[in-house]
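Single-structure report; data block below.
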Amino acid sequence: CSSAALLSCTMRSEARANALVLAGSAALLGGALLSQFVGGLFPCEMCYWQRWPHLAAIALGLLAWAMGSNRALTALAAIAVLVSGAIGVFHAGVEYHWWEGVTTCTATPVTGTTSEVLGSIMATPLIRCDAAQWTLFGISLAGYNAILSGLIGGGALWLLRKPR
């Protein structure tokens, strides 16, 4: 950018960073939901953890977009995407047995008669965080989330860097 067009160039880079965060998080979250509801891959607890930062990034990105352009909100959205990527690194490490993951089991509260509770428990699929349900080229969905979130969040922050 020339020094005369520095302000407009900066605004364009903020808009590009925000678009990257919005499109990237929407694509990753959409892919996760498609794999769950169309592909039949039930998420484990850590899979859910990776979704929340993407939802936050989308909300922050939409807010920044509604404000015209907001460097701070876009940066926060990019950091949220990086948080999802960091959780993905941890989850992938658990799947590859590089370290131990969470040891607690979570379930939704069930009410009703004893037979209804037992039926609900028996119908709930057991999803382990330390076993990848799907891989491509040896990389699990958590691994792909880590890679893509790192690229998206890092790319957005790179676009937001201060001009020299």
Side-chain angles (χ1 to χ4, degrees), residues 9-108 125-164:
C9 184
T10 302
M11 290 171 56
R12 284 192 306 243
S13 67
E14 286 178 17
R16 287 194 308 261
N18 197 36
L20 177 61
V21 167
L22 281 169
S25 284
L28 288 173
L29 192 55
L33 293 171
L34 277 173
S35 71
Q36 178 180 350
F37 293 109
V38 176
L41 300 176
F42 294 100
C44 71
E45 185 69 19
M46 284 193 277
C47 294
Y48 284 119
W49 294 353
Q50 293 171 75
R51 294 177 185 189
W52 289 109
H54 284 298
L55 285 170
I58 291 169
L60 289 165
L62 287 173
L63 185 59
W65 178 70
M67 294 176 72
S69 183
N70 188 302
R71 182 184 217 80
L73 286 175
T74 302
L76 285 173
I79 290 168
V81 174
L82 291 173
V83 167
S84 178
I87 297 168
V89 168
F90 178 72
H91 189 186
V94 170
E95 290 174 336
Y96 298 128
H97 304 287
W98 295 340
W99 47 72
E100 187 175 330
V102 294
T103 56
T104 59
C105 183
T106 60
T108 56
L126 174 64
I127 308 301
R128 296 175 40 167
C129 291
D130 65 346
Q133 293 184 58
W134 181 89
T135 62
L136 179 64
F137 307 120
I139 302 173
S140 68
L141 289 173
Y144 280 110
N145 180 57
I147 293 166
L148 295 172
S149 292
L151 290 172
I152 292 164
L157 289 177
W158 183 80
L159 286 169
L160 289 173
R161 74 193 187 289
K162 293 207 182 263
R164 296 175 195 180

What side-chain donor-acceptor pairs closer than 3.5 Å can you find for residues 26-37, not counting sequence neighbours?
{"from": "S35", "atom 1": "OG", "to": "G31", "atom 2": "O", "distance (Å)": "3.4"}
{"from": "S35", "atom 1": "OG", "to": "A32", "atom 2": "O", "distance (Å)": "2.8"}
{"from": "Q36", "atom 1": "OE1", "to": "R51", "atom 2": "NH1", "distance (Å)": "2.8"}
{"from": "Q36", "atom 1": "OE1", "to": "R51", "atom 2": "NH2", "distance (Å)": "3.1"}

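- The two residues R161 and R71 have their closest heavy-atom pair at O-NH2, 3.4 Å.
- How far CG of L63 is from CD1 of I58: 13.5 Å, rounded to the nearest 0.5 Å.
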Can you give the donor-acceptor pairs under 3.5 Å from side chains of residues 77-86 to other protein atoms, not counting sequence neighbours?
{"from": "S84", "atom 1": "OG", "to": "Q50", "atom 2": "O", "distance (Å)": "2.7"}
{"from": "S84", "atom 1": "OG", "to": "H54", "atom 2": "NE2", "distance (Å)": "3.0"}
{"from": "S84", "atom 1": "OG", "to": "N145", "atom 2": "ND2", "distance (Å)": "3.1"}

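- A donor-acceptor distance shorter than 3.5 angstrom exists from the side chain of S13 to the backbone of L159, with no hydrogens or angles considered.
- The closest side-chain heavy-atom distance from T74 to L160 is below 4.5 Å.
- Taking CG of L62 as the reference point, atom CH2 of W65 lies at 7.5 Å (rounded to 0.5 Å).
- In this structure, the side chains of F137 and Y144 come closer than 4.5 Å at one or more pairs of heavy atoms.
- More than 12 non-hydrogen atoms from other residues, nucleotides or ligands lie less than 6.0 angstrom from CH2 of W49.
- Nearest heavy atom pair, residue L60 against residue L73, reads CD2-CD2, 3.7 Å.
- Atom CZ of R16 sits about 10.5 Å away from atom CD of E14, to the nearest 0.5 Å.
- What you find for S140 and Y96 is that their closest heavy atoms are N-OH, 3.1 Å.
- Shown here are the side-chain contact (heavy atoms from CB on, under 4.5 Å) partners of A146, two or more places apart in sequence or in another chain: V89.
- Here the closest heavy-atom approach between residue I152 and residue L20 is recorded as O-CD2, 3.5 Å.
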